[in-house]
Amino acid sequence: MAHSPEVTSNFIYNIISKDVAEGKNGGRVHTRFPPEPNGYLHIGHAKAILLNYRMAKAFNGKFNLRFDDTNPAKEEQEFVDSILEDLRWLGVDWEDRLFYTSDSFELKYEFARRLIKAGRAYVCDLSQEEIRQYRGTLTEPGKESPYRNRSVEENLDLFERMRNGEFPDGSRVLRAKIDMASGNLNMRDPVLYRILHTSHHRTGNKWCIYPMYDFDHPFTDALEGITHSLCSIEYSDHRPLYDWVVANALELMPEVIKTRSRQIEFARLNLTYTVMSKRKLRRLVEEGHVFGWDDPRMPTIAGLRRRGVRPSAIADFTERVGVARADSTIDLALLEHCIRQDLQDHAHRMMAVLDPLKVVITNWPEGKTEMLELENLPGDESAGVRKVPFGREIYIERDDFMENPPKSFHRLAPGREVRLKGAYIIKCDEVIRDRDGRIIELRASYDPRTKSGGDASGKKVKGVIHWVSVAHAARITVRLFENLFTQEDPEGENEEELFANLNPRSLTVLENVPAEPALAAAAPGSRFQFMRKGYFYLDPKDAEEGKIVYNLTVGLRDSWAKQMQKGQ
RNA sequence: UGGGGCGUUGCCAAGCGGUAAGGCACGGGACUCUGACUCCCGCAAUCGCAGGUUCGAAUCCUGCCGCCCCAGCCA
């Protein structure tokens with residue numbers, strides 16, 4: 001079993017504990033995940049999703065799913081569907097609480113009206129460029145809009161006419177009246193509503209004004225009863241505005257707003273050798289560097305799923321990376337470790353030879369086939385056994401043979417013996433070459449006394465290698481993957497250089513790979529360990545077209561290869 | 001020259017005034033019909049730096065240094 005580490009304490013858990021102990025919001029805990037449907041979810045989102053979900057669970061609270069669809073120009077149904085699929089696959093449960101921020105546009109409109117009546121919001125006619133200029137800079141205060149002191153009546157009238165579609169895009173906005181001299185730019189009369197004559201994927205053409213995130217998000221949190229609104233660190237600067245909106249909602253909309261929601265920020269996940277930015281991921285897809293959002297090389301949930309990673313591995317990983325406020329980049333090796341550990345006790349062992357070299361066992365009778373019994377999962381009898389055909393000609397991996405091996409090499413070499421997994425011990429007698437000197441075949445002899453399970457020979461060999469019978473081999477396609485990026489920190493690279501130097505070996509397709517017959521008969525979506533190679537996943541998407549394609553999920557650790565590398 | 005954050009081993013990360021958890025990576029060894037898995041052992045005289053408070057500081061105070069984020073009618 002994949003064992004989870006002790007749930008180490010984290011600062012968010014500590015904050016929530018304290019809030020509960022103090023009886024805030026009646027001691028309730030209610031979290032949410034608020035994706036914008038404008039892209040696919042990636043493993044960084046998984047961290048956020050599971051953090052929110054776990055916090056709710058840990059305190060016997062609730063978890064909502066809410067699509068943040070305040071910008072119709074960027075959002076699409078395709079992404080809503082993919083996000084839903086990914087979340088279900090991850091195993092989070094929002095019960096009956098699937099919401100869209102657009103569900104409450106009407107209430108927000110009313111809230112905006114009350115803000116106007118309270119003299120805390122106004123319609124501003126400044127152009128986008130003027131608003132920018134009036135905002136000031138990081139070091140200089142802004143100046144007040146000339147429209148800042150319009151009467152409540154005029155503001156109410158103008159705002160209603162904005163809603164009624166009387167004004168073109170960009171001509172007016174609704175702004176909060178806060179503080180143009182604030183050191184925090186977010187507080188310099190932030191825009192609350194803008195005019196957008198764009199059809200929305202849910203509300204159609206009902207609205208032509210749409211709320212901004214900073215106005216919508218805190219209100220919606222409070223409306224849904226969210227007690228702890230977890231988000232990434234770049235929103236820290238927005239917290240005063242978040243609090244401003246929640247406080248006003250509580251005061252001005254007491255009939256529907258009861259919760260004093262609180263925002264807590266944490267550092268987003270970064271992984272070595274991969275990018276998490278939505279834009280760069282989109283670029284990989286749109287420029288055709290990968291097959292799609294679900295390409296197994298992508299760090300998307302869909303990509304990881306298609307690679308063969310199980311949700312339990314992602315859950316384990318997101319627990320192990322921890323939660324903190326410091327910027328960090330997690331070593332890809334940790335993810336790979338979690339994936340291997342998760343598959344270790346589940347994936348049945350099979351044999352396939354990725355880089356075949358033929359071996360003829362000269363003392364094995366021509367035409368004779370023996371059905372050998374192999375365990376599916378050594379150490380776990382409940383996983384059962386299977387029959388694997390063995391014959392006179394077999395394939396072994398080319399690198400399991402060395403003509404002039406160092407003494408530490410435990411595999412096959414001229415005059416040396418090795419055990420064929422689950423079969424017999426063979427000795428290499430002869431090396432056959434083509435006219436170019438390339439090794440094309442080995443001749444070997446087997447020792448009949450050494451049959452696996454009943455070896456009476458007393459022989460001890462160091463090496464055990466996998467094999468596939470030539471006469472019975474099924475043929476499969478195998479896809480091997482390497483990182484898309486060769487740089488450890490691609491996010492920190494110059495983007496054009498980054499895309500000009502993508503790893504040319506990120507994908508290797510091996511056709512006609514000899515494999516034991518069971519691999520061709522497996523159900524789509526099956527996961528196996530190809531012995532001594534790695535974990536592989538029978539691609540369900542290709543299976544729909546009748547193709548048998550195995551994707552590499554993650555390779556096995558290989559201390560021999562590591563040793564060889566060191567020697568060079 | 002403004003505001004908000006962050007700095008604990010190669011990478012993460014506990015720690016919240018009482019004398020540096022854990023994981024990954026790495027090195028060594030055992031075991032092994034997967035050079036996998038598993039199991040042992042090793043891996044921070046020190047917590048960005050410098051002062052100060054204290055019997056005692058990674059934890060408190062002061063000052064430096066370094067890194068990240070913010071000037072969308074994006075989220």
Side-chain angles (χ1 to χ4, degrees), chain A residues 5-6 8-10 14 34-36 38 68-71 73-75 124 126-128 131-133 135-142 169-175 181-188 190-196 209-210 212-214 216-217 231-240 265 267 272 278 319-338 340-341 344-345 349 351 374-375 378-379 408-411 419-423 425 450 452-453 455 461-466 529-534 555-563:
Chain A
E6 306 284 313
T8 60
S9 76
N10 68 63
N14 296 343
E36 182 188 16
N38 72 342
D68 215 323
D69 54 353
T70 57
N71 188 351
K74 295 167 60 181
E75 295 144 9
C124 180
L126 253 24
S127 70
Q128 194 161 343
I131 286 183
R132 186 175 321 152
Q133 284 164 358
R135 187 154 36 222
T137 69
L138 292 178
T139 52
E140 302 155 25
D169 287 5
S171 58
R172 278 178 236 264
V173 291
L174 182 73
R175 291 228 251 171
S182 172
N184 182 342
L185 298 264
N186 295 117
M187 300 301 271
R188 319 240 264 228
V191 172
L192 268 23
Y193 269 91
R194 77 285 216 187
I195 300 173
L196 241 35
I209 57 171
Y210 292 93
M212 297 288 290
Y213 169 88
D214 280 322
D216 187 285
H217 199 83
C231 64
S232 51
I233 216 96
E234 65 265 31
Y235 289 101
S236 300
D237 287 348
H238 296 246
R239 194 181 339 122
E265 314 88 22
T272 56
K278 216 172 255 185
E319 260 173 46
R320 288 181 188 237
V321 298
V323 193
R325 291 183 62 93
D327 290 344
S328 65
T329 302
I330 308 295
D331 193 337
L332 224 210
L334 178 61
L335 209 213
E336 295 182 335
H337 169 83
C338 293
R340 284 190 200 101
Q341 180 146 295
Q344 164 68 21
D345 298 328
R349 308 292 131 107
M351 296 193 289
L374 289 256
E375 293 172 292
S408 59
F409 187 75
H410 300 156
R411 285 108 93 147
R419 157 145 250 130
L420 295 176
K421 173 72 192 176
I425 290 176
T450 60
S452 188
D455 191 335
V461 289
K462 274 280 208 174
V464 178
I465 64 174
H466 59 102
Q529 183 196 100
F530 289 5
M531 292 201 94
R532 303 206 306 132
K533 284 293 159 189
L556 253 29
R557 288 181 55 166
D558 188 347
S559 59
W560 168 247
K562 195 182 289 177
Q563 198 178 317

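Convention: sequence-line order gives letters A, B, ...; per-chain numbering from 1.
Side-chain proximity of A:Arg320 to the nucleotides B:rC24, B:rA13, B:rC33 is greatest for B:rC24. The listed nucleotides are B:rC16, B:rC24, B:rC33; the one nearest the side chain of A:Val464 is B:rC33. Comparing B:rU1, B:rC24, B:rA36 against the side chain of A:Thr139 picks out B:rU1 as the nearest.
With both ends at atom P, the span from B:rU8 to B:rG3 equals 25 Å, rounded to whole Å. Separation of the C1' atoms belonging to B:rU9 and B:rA25 is 12 Å when rounded to the nearest angstrom. Using P as the reference atom, B:rU54 and B:rG66 are 31 Å apart when rounded to the nearest Å. Rounded to whole Å, the separation between the C1' atoms of B:rU59 and B:rG15 comes to 8 Å. The same atom, C1', is picked in B:rA57 and in B:rG52; the two are 11 Å apart, to the nearest Å. When the C1' atom is compared between B:rC70 and B:rA75, the two are found 14 Å apart, to the nearest whole Å. Rounded to whole Å, the P atom of B:rG5 lies 28 Å from the corresponding atom of B:rG51. Taking the P atoms as reference points, B:rU46 lies 11 Å from B:rA50, given to the whole Å.
Rounding to the nearest 0.5 Å gives a distance of 8.0 Å between CG of A:Leu185 and CG of A:Asp237. Atoms CG and CG, from A:Asp69 and A:Asn38 in turn, are 11.0 Å apart once rounded to the nearest 0.5 Å. Atom CD of A:Gln529 and atom CD of A:Gln344 lie 6.5 Å apart (nearest 0.5 Å). From A:Asp558, atom CG reaches atom CD of A:Gln563 across 10.0 Å, with rounding to the nearest 0.5 Å.
When side chains are defined from C-beta on, A:Leu374 counts as touching A:Lys421, because their heavy atoms get closer than 4.5 Å. Considering only heavy atoms from C-beta on, A:Leu196 comes within 4.5 Å of A:Asn71 through its side chain. Considering only heavy atoms from C-beta on, A:Arg419 comes within 4.5 Å of A:Ile425 through its side chain.
With a 3.5 Å ceiling on both atom-pair distances, the Watson-Crick or G-U wobble partner of B:rU62 is B:rA50. Nucleotide B:rC39 has B:rG29 as its partner under the Watson-Crick or G-U criteria, with both atom distances under 3.5 Å. In this structure, B:rG22 forms a base pair with B:rC12, meeting either the Watson-Crick or the G-U wobble geometry with both donor-acceptor distances under 3.5 Å.
Distance, A:Ile330 CD1 to B:rG10 P: 16 Å, rounded to whole Å. Distance CE (A:Met531) to P (B:rG35): 8 Å, rounded to an integer number of Å. At whole-Å resolution of the value, CZ in A:Arg188 and P in B:rG2 are 13 Å apart. Put simply, NZ on A:Lys533 is 15 Å from P on B:rC37, counting in whole angstrom units. For the pair A:Leu335 CG and B:rC12 P, the computed distance is 15 Å after rounding to whole Å. The separation between A:Ile465 atom CD1 and B:rA36 atom P is 16 Å, rounded to whole Å.
Across all strands, A:Phe530 comes closer than 4.0 Å to no nucleic acid atom at all (heavy-atom distances). Among the heavy atoms of the strands lying under 4.0 Å from A:Gln529 is at least one base atom, whether or not backbone atoms are also near. Base engagement by A:Asn14 is indicated by at least one non-hydrogen atom pair under 4.0 Å involving a base atom. If you check every strand for non-hydrogen atoms under 4.0 Å, A:Val323 touches sugar and phosphate atoms only. Heavy atoms of A:Gly453 sit under 4.0 angstrom from at least one base atom.
The side-chain contact (heavy atoms from CB on, under 4.5 Å) test with A:Val173 is passed by exactly one of A:Ile195, A:Ile209, A:Val191: A:Val191.
The aromatic rings of A:His238 and A:Tyr213 sit perpendicular to each other, their planes meeting at more than 60°, with 30° as the lower class boundary.
Close to B:rG23, at under 4.0 Å from its OP1 or OP2, lies no side-chain N or O of A:Gln341.
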Shorter than 3.5 Å, N or O on both sides, protein versus nucleotides 25-29 of chain B: list them out with atom names.
unit_1	atom_1	unit_2	atom_2	d
B:rC26	OP1	A:Lys562	NZ	2.8

Atom pairs, protein N/O to nucleotides 5-8 of chain B N/O, distance under 3.5 Å:
unit_1	atom_1	unit_2	atom_2	d
B:rG5	O3'	A:Arg325	NE	3.3

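In this entry the base of B:rG10 is anti relative to its sugar, with a glycosidic angle more than 90° from 0.
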Open item on the list: Generate the contact string for nucleotides 70-75 of chain B. Rules: B means base contact, S means sugar-phosphate contact only, - means no protein heavy atom under 4.0 Å.
Closed with: BBSBBB
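Checked by distance alone, A:Thr329 brings no side-chain donor or acceptor within 3.5 Å of a matching partner on the base of B:rC11.
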